[in-house]
Amino acid sequence: DIVEPVAAEAADDTTLSPLVAAALLRPLAEINDPAGPLDSTELDSELVEIFVEEAGDLLDHADGVLNQFAAEPRQLDHVTALQRDLHTIKGGARMAGLMEVGETAHAMESLLEALAERTVAVNVTTIPLLEVGFDRLHAMVTRIGEQRAVATPERLIAEFNAHARGESSLLRPGADAVRVPGSEETVDIPHATAHAPADADHPAASIEDRDATAAVVEDASVQQPAEP
């Protein structure tokens, strides 16, 4: 099975390199978690402990699947496997009363459902966004295991929901600039025109694109306002 492009909505993968997409998405991972301890007033400590152990194993498994998905972005089996892991994490988090984790996993699962149902197509931002999401889940589970408070990544959740609707705030067909998440700043897109993609699954950025990446990364890494 393959994830077929959605003709009317599919983004042009030659518009933006994966490195630039990853740099532009990076601010979404910059979450200021509360400095205090985890509020366990209404939590079952045994359920939390079980969740942390099981979620850690599931996230490790998901990391391996995501690597495979990055190498084979048209293989629907990888999407299904990631859905299963996230669905289990979401259910366990909600059962344990850890709604911040549950809501994050739910948003990520929504994107995967859209990919599986072919209502949106895999584009150059899909894998980098999933990487940011799984990194955030890892960080949240680690903090909870250490009895430290976590914040809900509102901007990250909003970006997953936008992608699930085919409305990425980063990538637009034919766009010449993209918005840095969490700010009003935009950066020019270095177009990949010097070389054709190596193959359908692994678009190769042009020499000019790679040379321009450093400048875009610098622009995209501007300090963003702290998420409340």
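Just so it is clear, the values below take in all heavy atoms, side chains as well, and ignore hydrogens, waters and symmetry mates. Keep in mind it's a predicted model, so treat the numbers as computed, not measured.
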Trainee: Do the side chains of V141 and I144 get nearer than 4.5 Å, heavy atoms only?
Mentor: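 Counting from C-beta outward, I144 and V141 never come under 4.5 Å.
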Trainee: Do P73 and H78 make a side-chain contact, defined as non-hydrogen atoms from C-beta onward lying under 4.5 Å apart?
Mentor: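 The answer is no; the side chains never approach within 4.5 Å.
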Trainee: Evaluate the side-chain proximity of L38 to L43: yes if any heavy-atom separation is below 4.5 Å, no if none is.
Mentor: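 When only atoms from C-beta onward are counted, L38 and L43 do touch, with a gap below 4.5 Å.
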Trainee: Indicate whether the side chain of T125 and that of H163 have a donor and an acceptor atom separated by less than 3.5 Å.
Mentor: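 There is such a pair (donor and acceptor under 3.5 Å, judged by atom type) between the side chains of T125 and H163.
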Trainee: Is the shortest heavy-atom distance from the side chain of L156 to the side chain of L129 under 4.5 Å?
Mentor: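 Heavy-atom side-chain distance check passes, below 4.5 Å.
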Trainee: Assess whether side-chain contact (heavy atoms from CB on, under 4.5 Å) is satisfied between L25 and L28, documenting all intermediate values.
Mentor: CA-CA 6 Å; L25 287 164; L28 297 175; 3.7 Å; yes
Trainee: Decide yes or no for M108 and L137: does some side-chain heavy atom of the first lie under 4.5 Å from some side-chain heavy atom of the second?
Mentor: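 Side chain of M108 against side chain of L137, heavy atoms only: contact under 4.5 Å found.
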Trainee: Can you list, pair by pair, the side-chain donor-acceptor contacts under 3.5 Å of residues 45-58, counting residues two or more places apart and other chains?
Mentor:
none

Trainee: Hey, could you give me the OG1/NE2 distance between T88 and H61, rounded to the nearest 0.5 Å?
Mentor: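 Reported value, rounded in 0.5 Å steps: 10.5 Å.
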Trainee: Out of curiosity, L111 CG to E159 CD, how far, rounded to the nearest 0.5 Å?
Mentor: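 If I round to the nearest 0.5 Å, the distance is 10.0 Å.
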Trainee: Are T152 and I157 packed together at the side-chain level, in the sense that at least one heavy-atom pair is separated by less than 4.5 angstrom?
Mentor: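 Counting from C-beta outward, T152 and I157 do come under 4.5 Å.
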Trainee: Which side-chain hydrogen bond (donor to acceptor under 3.5 Å, both in side chains) pairs, counting each pair once, include a residue from residues 132-145, with sequence neighbours left out?
Mentor: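 Residue pairs with at least one partner in residues 132-145: D33-R136, D63-H138.
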Trainee: Judged by atom type as modelled, is there a donor-acceptor pair below 3.5 Å linking the side chain of T80 to the main-chain atoms of L76?
Mentor: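 Yes; at least one donor-acceptor contact below 3.5 Å.
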Trainee: Decide if atom CE of M95 counts as having more than 12 heavy atoms of other residues, nucleotides or ligands within a radius under 6.0 Å.
Mentor: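 No.
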Trainee: Applying side-chain contact (heavy atoms from CB on, under 4.5 Å), run through I89 and L59 and close with a yes or a no.
Mentor: CA-CA 8 Å; I89 291 170; L59 288 171; 3.6 Å; yes
Trainee: Compare every heavy atom of A151 with every heavy atom of P34, then report the nearest pair and how far apart it is.
Mentor: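 What the structure gives for the nearest pair is CD-N, 3.7 Å.
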Trainee: List for me each residue that meets side-chain hydrogen bond (donor to acceptor under 3.5 Å, both in side chains) alongside D44, sequence neighbours excluded, and say none if there are none.
Mentor: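 By the side-chain hydrogen bond (donor to acceptor under 3.5 Å, both in side chains) rule, D44 matches no residue at all.
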Trainee: Quick one: pull up CD in E131 and CZ in F69 and give me the separation to the nearest 0.5 Å.
Mentor: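 Answer for the CD-CZ pair, E131 versus F69, is 11.0 Å.
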Trainee: Give me the atom names and distance for the closest heavy-atom approach of A93 to G102.
Mentor: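 Scanning both residues completely, I find the closest heavy atoms to be CB-N, 3.6 Å.
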Trainee: List for me each residue that meets side-chain hydrogen bond (donor to acceptor under 3.5 Å, both in side chains) alongside N161, sequence neighbours excluded, and say none if there are none.
Mentor: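 N161 satisfies side-chain hydrogen bond (donor to acceptor under 3.5 Å, both in side chains) with no residue once adjacent residues are dropped.
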Trainee: Would you name the heavy atoms of A62 and F134 that are closest together and state the gap between them?
Mentor: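 For A62 and F134, the tightest heavy-atom pair comes out as CB-CE2, 3.6 Å.
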Trainee: Look up atom CD1 in I31 and atom CZ in R155, then write down how far apart they are to the nearest 0.5 Å.
Mentor: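 The CZ atom of R155 is 6.0 Å from CD1 of I31, to the nearest 0.5 Å.
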Trainee: With E146, which residues qualify under salt bridge (charged side-chain N to carboxylate O under 4.0 Å, His left out), at least two apart?
Mentor: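 Salt bridge (charged side-chain N to carboxylate O under 4.0 Å, His left out) check on E146 returns R148.
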Trainee: Please list all pairs meeting side-chain hydrogen bond (donor to acceptor under 3.5 Å, both in side chains) that have one or both residues in residues 90-115, counting only residues at least two apart or in different chains.
Mentor: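 side-chain hydrogen bond (donor to acceptor under 3.5 Å, both in side chains) check on residues 90-115 returns H87-E109, K90-E109, R94-E103.
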